[in-house]
Amino acid sequence: YEAKRYEEAAAHLGRYVGVYKDNIPAMLKYADAHLNIRPCKRNNVQHAIGTYNIILRRDPYNSEAAGRLIGLNLAMEAFGEAERVAKEFLDKTNDLEIRKMYATTLAKQEKFPEAIAEFRSIIADEPNQIMVYGYLGQMAEQVPAEFKQDERLVFWYDRAVNKNPDSALAHISRAAYYLRTGENDKALTQLEKAESLELNEENVRIMLAGEYLNAGLLEKAEEHLEAVKAKEPESMTLWSLWAQLAIKANSRQKAVEVAEAGLKSLSATPWDFMPKAAELFIMAGESQRAAECI
């Protein structure tokens, strides 16, 4: 499992948990191994779903299993099932992450009043939940009739910053809004402010790079991607974003560099990146190498 040889790991872990039925950490690894097998087939997904359900029957308060099961159902667009799992879990405990996922399941089913009420409740309890302000902001853009007039446009992004002035993520979120509305100067001010704050979490730095990329500032974006690479070179999100940068740069050399570096960094599990690498090789005129990836 640690070597990311997931097919073998799933086989051995399956035998193990068949005997040691109460070893929940091993069961979580077993489910995760199935989800990381490539190509991932329906049977792998069903093994993972079944395992998470078994864990929750044995340990109804296991938030990791609940979160993974809800996330899996959301990814499969089984929104009603995701809602059911989240609601049943929240009947027993008030887990913050599961509350956010529950509200998301409601929004995905266009149960907007219920979703909005749940998101509002979360930030009333935990004002530091920056992403929740972002969800409310996006919903105010998509379904403005569900909000008061003064709660539309930039309202939720402003509130996130006002409540969390030292959060880089809050400023990045507001910058993303300004980029969507074509207010690029305001967006740049927010991105520069975010840079001046602590960027300890790599996912926040990736989001910053992504918004610089959306703003067309490729060098700034690459600067932050390099910083992420130094700490998390095996991040699939990192290389997906870098591939977007290479395409935007319209540089054959950059396309080859990113494809090669991504395949090398992800050598243990390269499959998800290979289609993007093939696209980059095609862009660079490296047809044979693209064909090898395909």
Side-chain angles (χ1 to χ4, degrees), residues 96-97 99-101 103-104 107 115-116 119-144 147-233 235-249 254 258:
L96 179 61
E97 293 304 315
R99 286 177 68 190
K100 289 191 284 188
M101 297 182 89
T104 301
I116 292 165
F119 281 135
R120 285 180 186 271
S121 174
I122 291 168
I123 56 174
D125 295 339
E126 300 285 346
N128 64 339
Q129 293 300 306
I130 308 300
M131 297 303 291
V132 176
Y133 294 98
Y135 297 147
L136 285 166
Q138 290 169 30
M139 292 177 74
E141 293 175 60
Q142 295 163 6
V143 283
F147 293 84
K148 298 175 184 176
Q149 185 66 39
D150 62 352
E151 289 184 340
R152 300 174 190 174
L153 302 176
V154 75
F155 173 86
W156 292 104
Y157 306 100
D158 284 345
R159 176 162 286 193
V161 170
N162 292 338
K163 295 283 186 180
N164 304 273
D166 296 326
S167 165
L169 184 57
H171 292 279
I172 295 167
S173 182
R174 187 156 66 176
Y177 170 79
Y178 284 136
L179 285 172
R180 288 197 300 276
T181 56
E183 300 173 87
N184 288 15
D185 288 344
K186 290 183 178 179
L188 184 57
T189 299
Q190 291 301 301
L191 294 175
E192 289 172 349
K193 176 63 178 177
E195 274 190 308
S196 71
L197 300 169
E198 287 191 17
L199 295 167
N200 293 332
E201 296 181 28
E202 300 313 307
N203 65 313
V204 175
R205 194 179 283 275
I206 282 178
M207 290 180 69
L208 179 59
E211 296 309 328
Y212 268 126
L213 183 59
N214 290 336
L217 298 172
L218 306 190
E219 290 184 6
K220 293 293 293 183
E222 190 153 28
E223 177 185 321
H224 291 288
L225 293 177
E226 289 283 3
V228 174
K229 180 187 172 187
K231 293 186 177 180
E232 293 186 7
S235 165
M236 181 63 200
T237 307
L238 165 70
W239 290 106
S240 295
L241 195 57
W242 222 324
Q244 290 178 39
L245 186 149
I247 291 167
K248 275 200 170 188
K254 177 66 68 178
V258 172

Within residues 125-143 or reaching into it, pairs that qualify as salt bridge (charged side-chain N to carboxylate O under 4.0 Å, His left out) - sequence neighbours excluded: Arg99-Asp125, Glu141-Arg180
Considering all heavy atoms, the nearest Ala103-Ala115 contact: O-CB, 3.5 Å
Atom CG of Asp150 with >12 non-hydrogen neighbours under 6.0 angstrom: yes
Note, Leu191 side chain near Leu217 side chain (heavy atom, < 4.5 Å): no
Euclidean distance, Gln129 CD relative to Lys100 NZ, rounded to 0.5 Å: 4.0 Å
Pairwise side-chain contact, Arg174 with Lys193, heavy-atom cut-off 4.5 Å (strictly under): no
Sub-4.5 Å side-chain heavy-atom contact between Gln190 and Glu211: no
Nearest-0.5 Å distance, CD of residue Glu222 to NZ of residue Lys229: 9.5 Å
Trp239 (side chain) donor-acceptor with Val258 (main chain) under 3.5 angstrom: no
For Trp242, the option from Ile247, Thr237, Leu225 that meets side-chain contact (heavy atoms from CB on, under 4.5 Å): Leu225
With Tyr133 via ring-ring contact (aromatic ring centres under 6.0 Å, His included) - residues at least two apart: none
Separation of Leu179 CG from Ile172 CD1 (nearest 0.5 Å): 11.5 Å
Those residues that, when tested against Lys186, pass salt bridge (charged side-chain N to carboxylate O under 4.0 Å, His left out) (two or more places apart): Glu183
Euclidean distance, Asn128 CG relative to Asp166 CG, rounded to 0.5 Å: 12.5 Å
Heavy-atom side-chain proximity of Tyr135 to Ile122 below 4.5 angstrom: no
Selection residues 172-195 - residue pairs positive for ring-ring contact (aromatic ring centres under 6.0 Å, His included), sequence neighbours left out: Tyr157-Tyr177
Phe155: ring-ring contact (aromatic ring centres under 6.0 Å, His included) partners, not counting sequence neighbours: none
Pairwise distance CG(Leu136) to CD(Glu151) - rounded to 0.5 angstrom: 8.5 Å
Check residues 197-206 and write down every donor-acceptor pair under 3.5 Å in which the side-chain atom is one partner and the other belongs to a residue at least two apart or another chain.
residue	atom	partner	partner atom	Å
Glu198	OE1	Asn200	ND2	2.7
Arg205	NH1	His224	ND1	2.9

Non-hydrogen atoms of Ala209 and Ala221 that approach each other most closely: O-CB, 3.4 Å
Residue pair Leu169 / Met131, side-chain heavy-atom distance below 4.5 Å: yes
Under 3.5 Å donor-acceptor, Lys248 side chain and Leu213 backbone: yes
Heavy-atom closest contact (His171 atom, Ala194 atom, distance): CB-CB, 4.1 Å
Reported CE-to-CH2 distance for the pair Met139 and Trp156, which is rounded to 0.5 angstrom: 10.5 Å
Test item: Asn184 side-chain N/O and Ala215 main-chain N/O as donor-acceptor pair under 3.5 Å: no
